[in-house]
Amino acid sequence: MTDTTTTTPYATQDETDRDATDEPFEGVYPAMTTPFTDDNEVDHEQLADNARYLERAGVDGVVPVGSTGESATMTHDEHVDVIETVRDAVEDVPVIAGTGSNNTAEALSLSRRAADAGADGLLLISPYYNKPEPAGFLEHYRTIADEVDLPQIVYNVPGRTGQSISVDVSVELAEHPNIQGYKAASGDLNLISEVIERTRDEEFAVLSGDDGLTLPVLSIGGTGTISVVANVEPERSCAMVGAALSGDYDRARALHHELSPLVRELFAETNPIPVKEAMHVRGRGGPLVRSPLSRLSGERRETLRELLAEYDEAAPGTVDPEAVEPAAGDAE
């Protein structure tokens with residue numbers, strides 16, 4: 001598609017400006033989708049266009065080939081090609097590449113190839129299926145951190161991996177100079193709070209990995225978000241996070257509630273099925289997801305289309321959350 005100029009509506013709003021900090025990762029990092037052609041090949045032209053769109057919208061970095069990017073159904077060569085496309089497309093924001101695996105040797109190989117492809121950092125999902133003991137978690141992450149000299153983010157998402165990384169393990173990992181972040185997608189605010197509390201003396205950023213909990217995580221010391229909804233509403237997402245990080249919680253709460261109906265709809269079916277459909281509605285790639293996932297169910301497509309129209313028609317910061325609630329019977 002043709003790239004068009006996007007005017008970020010928050011550029012002149014001083015109250016959301018925030019001072020630079022020493023945090024290694026801060027702000028909004030969209031977990032990018034991977035658009036596919038009708039032939040089920042990576043649509044590199046659309047992918048590059050999406051990356052440029054997100055950069056113009058004001059995000060602080062982009063995260064290709066994570067769970068939202070369908071890395072689980074991509075070959076290693078496709079994986080690296082996606083990283084190269086995104087790296088070439090953006091100019092001033094870091095590219096944090098998903099390179100995790102349940103096989104340490106495979107994760108290390110992908111991490112090395114991502115570094116060679118120009119990635120600025122790595123996002124490493126915890127080993128799934130194997131269910132390692134604490135010593136196994138430590139060895140897995142330290143092996144990669146020792147061998148690949150890039151900032152790395154530990155990704156805790158027990159809903160996908162079957163096992164949560166313990167706080168003690170997370171705190172130990174934070175001591176490694178290359179392990180500089182933690183993506184919190186456990187849904188457990190007590191656990192997330194303890195990780196933040198016990199790593200305050202480290203150069204270690206805790207990022208929300210659950211869009212519905214981004215504001216609560218920021219309120220207890222989180223530094224940003226690796227976000228699904230930011231693919232669709234990057235300006236609103238940046239405004240919410242920027243307001244919270246600058247201490248303007250009245251505005252942050254208003255934007256949180258404004259985004260909440262869309263967040264719920266984007267997780268009504270398995271991620272990234274709904275967000276791929278939302279991107280399709282917005283003209284940013286086809287809705288195809290690779291098997292074994294399938295396209296968003298027909299009854300939800302119309303709900304999502306109507307919901308997005310409400311956001312399109314209202315200026316950011318003025319949407320009434322009740323006006324964009326899904327229709328009765330369509331809620332999760």
Side-chain angles (χ1 to χ4, degrees), residues 8 10 13 15-18 21 23-33 54 57-63 66-68 93 96 98 123 125 153-160 170 181-197 199 204-268 271-272 274-275 278 307 311 316-317 319 321 324 332:
T8 304
Y10 308 100
Q13 298 192 5
E15 67 267 26
T16 63
D17 291 343
R18 59 183 190 269
T21 72
E23 295 293 348
F25 298 101
E26 181 180 272
V28 175
Y29 297 78
M32 292 185 68
T33 60
L54 291 169
V59 303
D60 297 277
V62 290
V63 184
S67 301
T68 304
V93 298
I96 312 302
L123 174 67
I125 195 169
I153 299 172
V154 173
Y155 180 13
N156 188 31
V157 57
R160 285 189 181 267
S170 301
Y182 174 94
K183 180 180 177 182
S186 65
D188 184 343
L189 274 175
N190 286 325
L191 183 151
I192 297 166
S193 180
E194 188 175 353
V195 171
I196 293 170
E197 173 193 342
T199 59
F204 191 72
V206 175
L207 301 152
S208 172
D210 182 338
D211 281 305
L213 292 180
T214 294
L215 185 56
V217 169
L218 293 172
S219 75
I220 57 174
T223 63
T225 177
I226 297 177
S227 167
V228 175
V229 73
N231 285 287
V232 186
E233 287 288 333
E235 290 99 340
R236 282 183 168 92
S237 299
C238 289
M240 183 193 72
V241 171
L245 291 177
S246 67
D248 185 354
Y249 275 92
D250 286 341
R251 187 158 187 267
R253 277 192 295 271
L255 287 158
H256 163 83
H257 290 304
E258 180 174 301
L259 281 166
S260 291
L262 180 57
V263 170
R264 289 191 288 272
E265 200 61 28
L266 291 183
F267 291 92
N271 181 51
V275 70
L307 183 60
Y311 288 93
V319 170
V324 294
E332 290 181 64

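Excluded from the calculations below are hydrogen atoms, water molecules and symmetry mates; all remaining heavy atoms, backbone and side chain alike, are included.
Residues M240 and T214 have side chains in contact (heavy-atom distance under 4.5 Å, counting atoms from C-beta outward). A heavy-atom distance below 4.5 Å is found between the side chains of M32 and L54. In this structure the side chain of F267 never reaches within 4.5 angstrom of the side chain of P274, judged on heavy atoms. Within the 4.5 Å cutoff, side-chain heavy atoms of S186 are placed close to those of I192. Between R253 and L215 there is a side-chain heavy-atom pair separated by less than 4.5 Å. Between P216 and L189 the shortest side-chain heavy-atom distance falls below 4.5 Å. The closest side-chain heavy-atom distance from S260 to H256 is below 4.5 Å. The closest side-chain heavy-atom distance from S170 to F204 is not below 4.5 Å.
Across every non-hydrogen atom of E258 and Y311, the tightest pair is O-OH, 2.7 Å. Taking both residues in full, the closest heavy atoms of L266 and A278 are given as CD2-CB, 4.0 Å, listed atom of the first, atom of the second, then distance. Here the closest heavy-atom approach between residue V228 and residue N271 is recorded as CG1-OD1, 3.8 Å. Considering all non-hydrogen atoms of both residues, L207 and T225 come closest at CD2-N, 3.7 Å. The minimum heavy-atom distance linking G209 with A185 is given by the pair O-CB, 3.7 Å. Nearest heavy atom pair, residue V206 against residue A184, reads CG1-CB, 4.4 Å.
Distance alone, capped at 3.5 Å, places no donor-acceptor pair between the Y155 side chain and the G98 backbone. When atom types are taken as modelled, the side chain of T223 and the backbone of F25 share a donor-acceptor pair closer than 3.5 angstrom. Checked by atom type and distance alone, the side chain of D211 never pairs as donor or acceptor with a backbone atom of S227 at under 3.5 Å.
Residue pairs meeting the side-chain hydrogen bond (donor to acceptor under 3.5 Å, both in side chains) criterion with at least one member in residues 188-197, sequence neighbours excluded, are E194-R198.
Between the side chains of D60 and Y29, no donor-acceptor pair of N or O atoms lies under 3.5 Å.
Rounding to the nearest 0.5 angstrom, the gap separating the CG atom in L245 from the CD atom in E26 is 5.0 Å. Taken from CD in E235 to CG in L255, the straight-line distance is 12.0 Å, to the nearest 0.5 Å. Here CG of N156 is found 6.5 Å from CG of L191. Values are rounded to the nearest 0.5 Å.
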Taking it one step at a time, do V157 and K183 satisfy side-chain contact (heavy atoms from CB on, under 4.5 Å)?
CA-CA 8 Å; V157 57; K183 180 180 177 182; over 6 Å; no
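Taking the side-chain contact (heavy atoms from CB on, under 4.5 Å) definition, one finds that A31 meets it with T68, I226, sequence neighbours left out. Partners of R160 by salt bridge (Lys or Arg N to Asp or Glu O under 4.0 Å), not counting sequence neighbours: none found.
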